*Asks:* 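Following this message is one structure expressed as structure tokens.
For ligands, and for the atoms within them, numbers begin at 1 and follow the listed sequence. The first residue in the sequence is number 1, and the count goes up from there. Quick caveat: nothing in here was measured; it's all calculated off a predicted structure.
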Amino acid sequence: MSDIVIRVENLGKRYEIGHLDPTGYRTGLRHAIQDALTAPFRRLTGDRGSEASRKRAAREVFWALRAIDFEVRRGDVVGVIGRNGAGKSTLLKILSRITEPTIGRIGLKGRVASLLEVGTGFHPELTGRENIYLNGAILGMSRAEVKSKFDEIVAFSGVEKFLDTPVKRYSSGMYVRLAFSVAAHLEPEILIIDEVLAVGDSEFQKKCLGKMRDVASDGRTVLFVSHNMAAVAALCSETLLMDRGGLHFAGGVEAGITAYRNLVSSQVDRWRWSSGPGREIGNERIALRAVTVEPVDPMQDRESTSTALKVVIDYEVLAVLSGVTPFLFLVDDLGTEIFNSVDLPSAVATPDRFLMGDLQPGHYRSVCTLPGDFLNEREYGIKVGFNTSGTHFEFVSREILRICFAQTQTMRAEYSGRWPGMIRPRLGWVSAPRCSEDVSDLHERTERGDARIS
Ligand SMILES: Nc1ncnc2c1ncn2[C@@H]1O[C@H](COP(=O)(O)OP(=O)(O)O)[C@@H](O)[C@H]1O
Ligand SMILES: [Mg+2]
């Protein structure tokens with residue numbers, strides 16, 4: 001009982017769309033409108049009689065969190081996971097007391113430090129140095145206490161040179177470095193970190209994960225939102241899986257990640273994605289219309305690892321654009337990027353490199369080929385995006401479709417277990433006793449095609 005440091009009971013948060021939340025949070029509004037329009041529990045309030053009720057009718061009520069119950073014990077490192085819009089940030093804002101719940105109760109034991117969106121917590125006009133002291137004061141620390149931590153905070157953040165610059169001049173990367181450093185070093189009993197770390201470089205992210213581990217091993221409690229399941233698996237002992245405002249699963253990290261994978265894969269299309277009302281992807285210049293993965297040879301089995309596949313990307317250009325460059329990411333079932341392939345206009349120009357010139361508004365198609373005997377017996381996701389003028393980034397989709405492969409016997413010999421690895425390329429192998437043949441001969445045999453391929 002005394003070990004419980006966070007207790008959440010029947011927590012709910014309702015937003016009225018069309019109204020700004022009184023705390024001044026604007027960030028989620030556009031998404032809120034989108035989500036509310038498609039939410040299964042959408043509901044218009046009021047009738048259309050009087051002026052007042054007409055106003056009410058124009059507003060939509062939307063529950064960003066519903067009926068959330070959980071407890072967190074001291075020293076737990078909890079991964080808060082779930083798809084975009086699931087309610088993770090809303091939950092963290094309530095726990096950080098940045099916003100009020102509509103119903104329900106939260107109990108917190110101890111000092112809470114949180115790092116939410118880039119832009120919260122710091123005062124833009126104050127310098128880095130002043131913000132460190134300000135945050136310390138907010139956490140209830142004396143000047144002397146902050147002073148004793150000051151050098152460590154600055155060293156960890158790596159922003160020494162800019163300590164006396166107002167933080168509004170910081171890049172988002174610098175901002176996050178300092179904000180994380182402050183939150184983690186001021187010895188909160190509960191440390192709450194939203195996805196902001198995704199802004200920093202991977203070196204710094206690693207440092208942060210290490211720091212969070214230290215904080216936790218000191219018996220303090222960490223709540224950590226991430227889309228990176230590898231980081232969650234490495235850092236967390238517990239998970240809270242949020243889905244559409246509800247708590248879908250609470251428990252150990254392995255079971256939580258499995259539940260997350262199942263949830264994501266049950267909500268993502270297989271083999272083909274196409275846009276439609278509420279599922280648009282793009283911007284005012286380019287819109288993604290459909291992405292289909294199919295065998296190059298229609299007679300072959302698309303789920304066999306030895307089948308060559310094509311990824312057919314249909315898109316619409318909405319303005320005159322030059323150097324339109326489609327690209328795709330292949331990701332694993334945890335969302336980790338395995339590779340990125342770009343239809344580069346700057347590569348050797350061939351006559352069909354029409355993308356080099358201006359594209360008129362209209363429908364276009366790009367096709368990327370994935371060789372056979374290259375992917376492994378597992379599930380992969382695909383994300384698609386576009387650059388223009390060669391390097392100007394337009395957008396990248398979330399994971400919009402999944403493909404999965406079953407085992408194929410041709411590359412396995414007698415072995416029937418799970419084949420390890422992200423990919424499974426078919427490579428040439430030759431071998432011989434070291435004394436009887438030299439390496440160059442092995443190379444020759446490979447060239448002649450005598451190598452075993454497996
Ligand atoms: N201030 C707000 N006003 C209206 N809706 C909001 C507000 N903040 C968040 N939302 C909506 O609540 C839902 C949950 O958002 P959020 O907690 O940010 O999700 P997550 O962090 O899991 O992506 C989303 O649909 C979001 O658009
Ligand atoms: Mg969020």
Side-chain angles (χ1 to χ4, degrees), residues 8 11-45 56 58-68 70 78-104 106 114-121 172 176 179-180 183 191-200 205 222-229 231-232 236 239-250 256-257 259-260 263-264 267-268 278-281 335 397-399:
V8 169
L11 189 72
K13 176 71 182 178
R14 185 184 61 207
Y15 286 117
E16 279 185 23
I17 299 155
H19 249 341
L20 281 182
D21 176 35
T23 53
Y25 260 89
R26 290 154 178 273
T27 43
L29 193 61
R30 189 167 51 86
H31 298 118
I33 292 168
Q34 267 169 13
D35 283 16
L37 292 176
T38 53
F41 47 94
R42 71 172 163 176
R43 164 164 75 94
L44 289 175
T45 55
R56 243 182 292 136
R59 277 191 238 140
E60 197 137 356
V61 167
F62 167 70
W63 287 89
L65 291 178
R66 291 169 291 149
I68 308 282
F70 65 89
V78 183
V80 181
I81 55 181
R83 305 196 51 141
N84 283 338
K88 305 179 296 295
S89 297
T90 305
L91 177 64
L92 297 198
K93 280 178 205 163
I94 292 174
L95 292 175
S96 313
R97 305 216 188 269
I98 287 174
T99 191
E100 287 283 315
T102 311
I103 55 167
I106 59 166
S114 55
L115 181 53
L116 302 177
E117 285 145 273
V118 179
T120 54
S172 53
V176 165
F180 177 84
L191 178 62
I192 296 182
I193 307 281
D194 204 342
E195 261 164 323
V196 286
L197 292 183
V199 177
Q205 285 175 24
V222 181
L223 261 73
F224 167 57
V225 169
S226 179
H227 271 118
N228 180 345
M229 290 304 128
V232 171
C236 302
T239 47
L240 294 172
L241 172 57
M242 312 278 305
D243 185 41
R244 287 171 271 186
L247 184 59
H248 187 79
F249 172 88
I257 290 177
Y260 173 79
L263 188 69
V264 170
Q267 293 170 352
V268 173
R279 350 182 342 129
E280 294 87 359
I281 293 178
S397 74
R398 59 180 171 76
E399 185 186 318

*Asks:* Does any part of the side chain of Val268, heavy atoms only, come nearer than 4.5 Å to the side chain of Arg83, both counted from C-beta?
*Replies:* yes
*Asks:* Working to the nearest 0.5 Å, report the span between NZ of Lys93 and NZ of Lys13.
*Replies:* 9.0 Å
*Asks:* Can you check whether Leu91 reaches Val225 side chain to side chain, under 4.5 Å on heavy atoms?
*Replies:* no
*Asks:* Hey, could you give me the CZ/CG distance between Phe224 and Leu240, rounded to the nearest 0.5 Å?
*Replies:* 13.5 Å
*Asks:* Taking Ile81 as the fixed residue, which of Met242, His227, Met229 is the one that meets the side-chain contact (heavy atoms from CB on, under 4.5 Å) rule?
*Replies:* Met229
*Asks:* What do you reckon, does Ala86 have a nitrogen or oxygen under 3.5 Å from a nitrogen or oxygen of ligand 1?
*Replies:* yes
*Asks:* Among residues at least two apart in sequence or on other chains, which ones pass side-chain contact (heavy atoms from CB on, under 4.5 Å) with His248?
*Replies:* Leu241, Asp243, Leu263
*Asks:* If we only count heavy atoms from C-beta on, is the Leu65 to Ile94 side-chain gap below 4.5 Å?
*Replies:* yes
*Asks:* For atom 19 (O) of ligand 1, tell me which residue out of Gly87, Gly82, Ala64 has the closest non-hydrogen atom.
*Replies:* Gly87
*Asks:* Could you check which of Asp243, Thr90, Thr99, Val225 puts a non-hydrogen atom nearest to atom 16 (P) of ligand 1?
*Replies:* Thr90
*Asks:* So what's near the Mg ion (ligand 2), protein N, O or S atoms under 2.8 Å?
*Replies:* Ser89 OG
*Asks:* Which atoms of ligand 1 sit under 4.0 Å from any heavy atom of Arg83?
*Replies:* 22 (O)
*Asks:* Do Trp63 and Ile103 come close enough that some side-chain heavy atom pair is under 4.5 Å?
*Replies:* yes
